[in-house]
Amino acid sequence: MSRNNDSFETLHELAVHKMDDAARVVAQTEANITQSIKQLEMLGEYRLDYIARLQARLQEGMSSAQCVNFQKFISTLEEALEQQRAIIAQLEKQVEKERETWFEARREVNSMQALIDRRKQEQLKIANRQEQKMNDEFAARAYFASRRQQSGG
């Protein structure tokens, strides 16, 4: 039974490592989401800045070629914003799947821990019963030994 418990403990340790690995993957993807959101915000600010520059230049007067170049660049920034939004959406879907994997790994660890605890309790009960049985036998022997001494023989 001890060997069986050792192998079960090993399986439990492997499950804990699997759960920890899943947690690290979730944390990394969440960090990637945060970084991607920062990049999205920076692109948005850059786009707004460029629109403000375009408006200022239009008021000052600029050639149509320059205006077209500004508008093309702003369009490129808008495409980059859309791509960044798509990346964030994909990462958010990914992190949800990774969280599900982590939750499942955690459930497995908790189930194994409950079984380990239950087995330890059962082993403790068995050990206590054996100890009680030995104590009872010792007490019975001592009682009968004292009775024999009292009766003289």
Side-chain angles (χ1 to χ4, degrees), residues 1-140:
M1 188 124 133
S2 178
R3 209 168 131 211
N4 192 16
N5 282 344
D6 289 343
S7 62
F8 201 71
E9 291 277 348
T10 301
L11 289 174
H12 179 259
E13 287 176 23
L14 292 173
V16 168
H17 288 298
K18 181 180 172 184
M19 180 185 71
D20 291 344
D21 289 344
R24 278 189 283 280
V25 169
V26 168
Q28 182 59 52
T29 303
E30 287 175 341
N32 291 344
I33 290 171
T34 300
Q35 184 61 36
S36 294
I37 289 171
K38 287 179 183 175
Q39 289 174 347
L40 178 67
E41 290 169 351
M42 286 174 39
L43 283 169
E45 290 170 10
Y46 194 51
R47 179 185 161 274
L48 290 175
D49 183 50
Y50 237 77
I51 290 172
R53 286 184 194 179
L54 173 61
Q55 290 173 345
R57 293 287 303 272
L58 284 172
Q59 288 177 353
E60 295 171 3
M62 66 188 300
S63 71
S64 62
Q66 289 174 328
C67 184
V68 167
N69 285 339
F70 262 91
Q71 289 174 335
K72 281 183 183 178
F73 188 70
I74 291 169
S75 291
T76 301
L77 287 173
E78 288 170 350
E79 288 173 16
L81 283 164
E82 284 307 309
Q83 289 173 356
Q84 196 64 25
R85 285 185 192 103
I87 289 170
I88 292 168
Q90 188 273 332
L91 286 171
E92 287 173 343
K93 287 179 186 176
Q94 179 182 333
V95 81
E96 283 306 311
K97 289 179 185 177
E98 292 167 355
R99 281 188 189 118
E100 289 173 20
T101 300
W102 176 76
F103 280 128
E104 184 57 38
R106 192 174 103 188
R107 274 192 291 275
E108 185 177 329
V109 166
N110 290 341
S111 296
M112 286 184 166
Q113 187 62 52
L115 286 173
I116 289 169
D117 292 345
R118 198 173 309 132
R119 282 184 175 184
K120 285 180 180 178
Q121 286 293 86
E122 289 171 7
Q123 289 173 346
L124 185 60
K125 284 181 185 177
I126 290 169
N128 286 341
R129 276 190 233 130
Q130 289 173 342
E131 184 179 346
Q132 184 63 45
K133 184 178 176 182
M134 285 176 32
N135 287 340
D136 290 348
E137 288 175 5
F138 180 75

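Count residues from 1 along the sequence.
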For the student: nearest non-hydrogen atoms of Met62 and Cys67, plus distance: CE-N, 3.5 Å
For Ser36 against Leu91, the heavy-atom pair lying closest together: OG-CD1, 3.5 Å
Qualifying salt bridge (charged side-chain N to carboxylate O under 4.0 Å, His left out) pairs with a residue from residues 37-55, counting only residues at least two apart or across chains: Arg47-Glu78, Asp49-Arg53
Pairwise side-chain contact, Arg106 with Val109, heavy-atom cut-off 4.5 Å (strictly under): no
Whether Tyr46 and Phe73 hold their rings parallel, tilted or perpendicular, with breakpoints at 30° and 60°: perpendicular
Stepwise salt bridge (Lys or Arg N to Asp or Glu O under 4.0 Å) test for Lys97 and Glu100: CA-CA 5 Å; Lys97 289 179 185 177; Glu100 289 173 20; over 6 Å; no
CG on Asn69 to CD1 on Ile74, rounded to 0.5 Å: 11.0 Å
Candidate pair Met134 and Gln130, rule side-chain contact (heavy atoms from CB on, under 4.5 Å), full reasoning: CA-CA 6 Å; Met134 285 176 32; Gln130 289 173 342; 5.5 Å; no
Distance-minimising heavy-atom pair for Ala22 and Trp102: CB-CA, 3.8 Å
Inter-residue atom distance Leu43.CG - Glu79.CD, 0.5 Å rounding: 12.0 Å
Separation of Leu124 CG from Lys120 NZ (nearest 0.5 Å): 11.0 Å
Contact summary for Ala105 and Met19, nearest pair of heavy atoms: CB-CA, 3.7 Å
Over all atoms of both residues, closest heavy-atom pair of Glu92 and Val95: O-CG1, 3.3 Å
Asp117 and Gln113 side chains, donor-acceptor separation under 3.5 Å: yes
Any side-chain heavy-atom pair of Glu122 and Lys125 under 4.5 Å: no
Residue pair Gln28 / Asn32, side-chain donor-acceptor N/O under 3.5 Å: yes
Gap separating the CD atom of Gln90 from the OG1 atom of Thr29, nearest 0.5 angstrom: 9.0 Å
Minimum side-chain heavy-atom gap Arg99-Glu30 below 4.5 Å: yes
Distance (rounded to the nearest 0.5 Å) between Ser111 OG and His12 NE2: 9.5 Å
Rounded distance (nearest 0.5 Å) linking atom OG1 of Thr101 with atom NZ of Lys18: 8.5 Å
Lys/Arg cation over aromatic Phe8: Arg119, 6.0 Å, 45° cone: yes
